[in-house]
Structures are given as structure tokens and as C-alpha cells.
Amino acid sequence: MDELVGRRPGVIIAADASLVGKWERWPMQAGRRPSVNVLVVMAEAYGCAVEDLLDFGDRQQMRQADLQLLQLDTASRVQEARPAPAVPRAAVREPEETNLVRGAADEAAAWAQWAESTNVGEIAMEELRANVRALARDYLCRDPLEVFTRTRRLRNRVFGLLEGHQPPRQTTELYLQAGYLCCLQAWIASDLSPGADALDSAETHARTSQLCAELVGDNELRAWIMSTRSKIAFWDRRTKDAIAFARRGAEGRPSGTAEVLLWCQEADAWSRLGAAGEAQAALARAEDARASLRGEDEVAGLLSCSEFRQVNYSTAVHLRTGRASKALEEASGALAEPAGHAYGTTAQMHITLACAQIALGEPGGAKEALGLVLALPPGQRLAPVAARMREFAAIVAQSPLADSRGAAELQSAVEEWVLDSAPRRLALSPGSLSD
């Protein structure tokens, strides 16, 4: 290559056979990415065009800036290779103004070619949307840590695409999907939270998601972010913040079921503060939102509020505001319907049922209601479910049945269950939910 290097002023390339071999093997694992200058020199050495060295896979792995440089270099070499046209001696010199206009047109054409290029096609965008929906759906029934890992992988892929070039319409769509992926990560991270640090990480995911929503001005995504932040604040014992986030999200009047969930979350937070009137008013607004739904959820799955999920919130509110009989009635009716609901929501509904039965002096029914919850595999014992189990234990401890043998057995079972929950396991293992 030394002879060819000399033909390109300012270009110095030192390479032995081993390095050349690595360039030729790229983009395989043992290869090394060649620079633009290296590709040009190699093409001259082999007596071919640079395009002949690159296949479709190579171009997918190359940086957009390098591809543009190669296009400019190719255009320049084609121009240099053209023979100069014979100019008659009597020919009149073309005015400089004409050359200027043509040059400007060529520049516009080159820019248009760049603007039209993209690193992601329509089929890839359709696949991306389908993958986001699949993750939100899978989270309701699959191992949460596995879904979190898949979500992180897809999010990083979208981040990488956004660092490249695509038309504005596709850029907007990529920001939207990145926002939903970060929103999913925030929710899942808080479900797996082993403590305050993980909740801080969940907030980081949520803020990144919120940035994406603001960049594209998407109201549906904003609503789900506010729902996620309300949920994080609720389990972080920042109850007033939970109310504020829920109210901000509902004020945007999203067209899907996000508004239903947001009013449910506000009611849940008010009930924790003992504000029964405000809690019941929020539940009524959730019913109104359900009756006036104007559209479908963009992602669905985790980011949707089914009627079963709504009842889970209303029964918890009834229980906290001294309406144990109403909670028992609604929970029993919902659980009598065909199965197929999210395991986390179903588990919380069973805990509410058990709490109501303890409050009504029926410990036998409480033990039966907790059977499904106690049977959950450790990986599905999420932080909110564990918190609800601790609430159940507190209700048992404060009830007239506290000194009974049955109560002691329930307390012991709950303690063992919590010690082997997903947050506890994650807290004792290496790794982070912050990325």
C-alpha cells in the first residue's frame, strides 16, 4: 500500500498483513473497522471501486458520517476521471454567474440526497412498535427481570438509531418509542425496587421518558409518565407527590385508559392519607373517565387500565376508608370472573380480599385468599405486592385475632414470603436497574 499512499497527499497509513486481515474481516467479531482513508487506499490497491468492498451488512455497521464521506469521495473521483471536453478555440467563455448557479444547484441536489437517506425503514419502524407492545404485554405474565432486560436492549437500539440520520417524521416516531420504552423501564424498576436507590433509578428512567414526550409533544405518553411517577412516589411514601402527578396527568385528558388509572391512583393516595371524601370523589371521576373513553391505548398491556385493574384500586380504597364489606363484595365479584389478568394485579386483589376478611373477623377466609399469593414464584413477588403483604400483616397484628394461633401462622408465612421476594433477591445480587 505504500505506493498508493503516496498518491494521496496528507494520508499516512502504516499496516502489516495482520492489520489488513482484520480490516477485511470486519464487521465480524475478530475484525477491526477500517477508516474512510483505509477503504479508499484498499480499493486502489485491489483495483476496484470502494463500493465493491462493501456489502449491505458492512453499510449497516458503518457510521452515517463515513458513508457520506465515501459518497463525496466517489463523486470526486468520477469527476476527475471524466475527460476534459474539447473546447473550440473560437468558443465563448461561459459567464461566471452561470457556473455559480449550477454549482449551487449541485450543492442543493447533494443535500437533498443526504436528507432523503435514513438508517431505519418503514418495516423496521413497524417492527419496533410491535416489539414495544409485546414488552408491555409480556410484563403482565412473564418474569419481570427478563422483560426489563429485553426492554433495556431495545431502548439502547432506539437510542443508537437516534444518533444516526433519518427524516424528521421517523425521528419523531423514534423519540416516541424511546419514551414508551423508558416509561416501561421506570415502572418495572419500581416494581423490582429493593429500596430507595432503585426508586431513584426508576425516577431517572421516568424523567428521560418525559423528555422524549416533551420533544415530540405527545399527550398520551405524558399521561403514562405521570401515572408512572405517581406510582413511584406512592411506594416511596411521597403521597402528596403521588396525588400531584396523578392530577397533572389527568388534566391533559388523554384519550385512552390512562385517565382512568390516574384518577384511581389519586384515590389510592387520598385513602392512605385518610381523606375518605377526596378518595371517593376521585373514584367517581375514574368511573366518568371510563364511561367517556375516546380512543384506544397506544401500547396497551402494562400501559392500560382494564376494568379488573380499576376494581383493584377501588377495593383497596374501600378497605382503607373503613368500607371492608364493600371491598369484600367488589373483590369477590372481580375474582369470580374468568382468569387471564396480570398476576401482580390478581395478587393484590387477593390481598385486599384477605384484609377485608380479617377486618370482618373471618381468618379462615383470609388464609384461603392468600393461597394464590403465597404460591407466587420469588421472581414474581414484586415490590408493590410485598408492600401490600406487609399491610396485611399490620392489619392482622391490630385485629382482635392478633393473639390467635391462626394469626401467628399467617404472620410467619407472610414474613417468609417477603424475605424471598424479587426486591430482596435483587438487593442481594450484583447488577443495577439504573441503566
Side-chain angles (χ1 to χ4, degrees), residues 140 191 227 230-231 234-235 239 242-243 246 250 257-291 302 304-374 376 381-396 398-399 410 414:
L140 303 181
D191 276 352
S227 174
S230 178
K231 183 248 193 185
F234 182 87
W235 293 113
T239 311
I243 294 171
T257 62
E259 185 179 359
V260 178
L261 183 58
L262 286 158
W263 288 123
C264 287
Q265 290 174 299
E266 180 175 334
D268 204 26
W270 280 122
S271 71
R272 174 183 278 178
L273 295 175
E278 288 84 349
Q280 293 300 325
L283 286 182
R285 287 192 286 271
E287 289 288 349
D288 292 341
R290 172 74 65 187
L302 176 60
S304 66
C305 184
S306 64
E307 291 186 17
F308 186 83
R309 193 175 189 180
Q310 183 177 350
V311 172
N312 179 48
Y313 277 95
S314 66
T315 53
V317 170
H318 295 328
L319 187 66
R320 290 198 189 99
T321 54
R323 307 174 71 189
S325 296
K326 182 68 172 175
L328 180 64
E329 177 188 350
E330 288 191 7
S332 299
L335 290 170
E337 296 177 358
H341 306 293
Y343 66 84
T345 305
T346 303
Q348 292 190 59
M349 190 88 79
H350 275 271
I351 296 170
T352 296
L353 187 62
C355 290
Q357 288 168 328
I358 289 293
L360 296 171
E362 301 175 8
K367 183 176 181 180
E368 181 181 352
L370 279 187
L372 178 142
V373 185
L374 293 172
L376 279 176
R381 300 175 185 179
L382 306 177
V385 182
R388 294 295 305 278
M389 286 289 270
R390 286 190 288 268
E391 288 180 1
F392 168 78
I395 289 174
V396 172
Q398 296 167 9
S399 73
L410 283 173
V414 169

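Quantities reported herein were computed from a predicted structural model and do not represent experimental measurements. Nothing fancy with the numbering, it's 1 onward along the sequence.
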| query | How far does CD of Glu266 sit from OG of Ser271, to the nearest 0.5 angstrom? | reply | 11.0 Å
| note | Minimal heavy-atom distance between Ala269 and Thr239, with the atoms involved, is O-CG2, 3.3 Å
| query | Do Trp270 and Leu273 come close enough that some side-chain heavy atom pair is under 4.5 Å? | reply | yes
| field | Minimum heavy-atom distance between Val414 and Ala393, given as atom pair plus value | value | CG1-CB, 4.2 Å
| Say you draw a straight line from CG of Leu140 to OG of Ser304; how long is it, rounded to the nearest 0.5 Å? | 7.0 Å
| query | Rounded to the nearest 0.5 Å, how far does NE2 of His318 lie from SG of Cys355? | reply | 14.5 Å
| message | Assess the residue pair Met389 and Leu374 against the criterion (side chain to side chain contact (heavy atoms under 4.5 Å, CB included)); give the C-alpha distance rounded to whole Å, side-chain angles, the decisive distance to 0.1 Å, and a yes or no. | response | CA-CA 10 Å; Met389 286 289 270; Leu374 293 172; 3.7 Å; yes
| query | Quick one: are Val373 and Phe392 in side-chain contact, heavy atoms under 4.5 Å? | reply | no
| Side-chain donor/acceptor of His350 to backbone N/O of Ala369, under 3.5 Å | yes
| query | Where is the tightest heavy-atom contact between Ala331 and Thr315, given as atom of each residue plus distance? | reply | N-CG2, 3.6 Å
| field | Check: Gln280 and Arg323 side chains under 4.5 Å, non-hydrogen atoms | value | yes
| remark: NZ (Lys326) and OG1 (Thr321) are apart, to the nearest 0.5 Å, by 11.0 Å
| query | Is the closest side-chain heavy-atom distance between Val385 and Tyr343 below 4.5 Å? | reply | no
| Heavy-atom side-chain contact between Gln310 and Glu287 under 4.5 Å | yes
| said: Using every non-hydrogen atom in the two residues, find where Trp263 and Ala289 come nearest and quote the distance to one decimal. | reply: CD1-CB, 4.2 Å
| said: I'd like to know if the side chain of Arg285 and the backbone of Ala250 have a donor-acceptor N/O pair within less than 3.5 Å. | reply: no
| query | Would you say the side chain of Arg290 lies within less than 4.5 Å of the side chain of Thr257, judging by non-hydrogen atoms? | reply | yes
| task | Take His341 and Arg309 through the side chain to side chain contact (heavy atoms under 4.5 Å, CB included) test and state the conclusion after the steps. | result | CA-CA 8 Å; His341 306 293; Arg309 193 175 189 180; over 6 Å; no
| task | Indicate yes or no: does Glu391 engage Arg320 in a salt bridge with an N to O separation below 4.0 Å. | result | yes
| said: For a quick test of reading the model, state the closest non-hydrogen atom pair linking Ala267 to Ala279 and the distance between them. | reply: CB-O, 3.3 Å
| Contact check, side chains of Arg388 and Thr352, non-hydrogen atoms, under 4.5 Å | yes
| said: Would you compute the distance between atom CG of Leu410 and atom CD1 of Ile358 and round it to the nearest 0.5 angstrom? | reply: 6.0 Å
| field | Sidechain-backbone polar pair: Ser332 side chain, Glu329 backbone, donor-acceptor under 3.5 Å | value | no
| query | What pair of heavy atoms forms the shortest contact from Asp268 to Ala316, and how long is it? | reply | OD1-CB, 4.2 Å
| message | Test your reading of the model: is there a side-chain donor-acceptor pair from Gln357 to the backbone of Ala366, 3.5 Å cut-off? | response | yes
| request: Please check if the side chain of Arg381 supplies one atom and the backbone of Leu376 the other of a donor-acceptor pair under 3.5 Å. | output: yes
| query | Is a donor on one side and an acceptor on the other found under 3.5 Å between the side chain of Gln265 and the backbone of Ser227? | reply | yes
| remark: Interatomic distance, CG@Leu261 vs OH@Tyr313, rounded to 0.5 Å, equals 5.0 Å
| Any side-chain heavy-atom pair of Thr346 and Leu335 under 4.5 Å | yes
